[in-house]
**Q** 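Submitted below is the structure of interest, expressed as structure tokens.
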Amino acid sequence: MEGSVTGMASLDFSPVITALTSAVTPANIISLVGSIVAFGIPFVFMWFGMRKVIKIFRSAVMGGRITV
């Protein structure tokens with residue numbers, strides 16, 4: 001058993017790393033981040049809008065009148 005390699009040390013990941021680095025470019029990463037930001041902005045505005053509506057509703061119920 002002397003000199004034998006066992007476990008994860010015998011695996012060669014260089015073809016996988018080469019394939020990933022050639023398939024993923026900085027332009028792909030930038031477009032992905034831009035898409036996520038563009039998709040997330042409406043949800044952030046919706047979150048703040050719902051908080052505003054809930055605040056208006058709670059103050060109307062507690063105070064007896066609606067103010068904006």
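One is the number of the first residue; the rest follow in order along the sequence.
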**Q** Identify whether Phe45 and Val53 are in the same connected component of the hydrophobic contact network (ILVMFWY, side-chain heavy atoms under 4.5 Å).
**A**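 No; tracing contacts between hydrophobic side chains, which count when under 4.5 Å, never links both residues.
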**Q** If hydrophobic clusters are built from ILVMFWY residues whose side chains come within less than 4.5 Å, do Val44 and Ile41 share one?
**A**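 As far as the 4.5 Å side-chain criterion goes, Ile41 and Val44 are not connected within one cluster.
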**Q** Can you tell me how far the CH2 atom of Trp47 sits from the NZ atom of Lys52, to the nearest 0.5 Å?
**A** 16.0 Å
**Q** With a 4.5 Å cut-off on side-chain heavy atoms, are Val33 and Ile30 touching?
**A** no
**Q** Please report the shortest heavy-atom distance between Thr18 and Ser14, naming the atom on each side.
**A** OG1-O, 2.7 Å
**Q** Search all heavy atoms of Ser31 against all heavy atoms of Asn28 and return the closest pair with its distance.
**A**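 Distance-wise, the nearest heavy atoms are OG-O, 2.9 Å.
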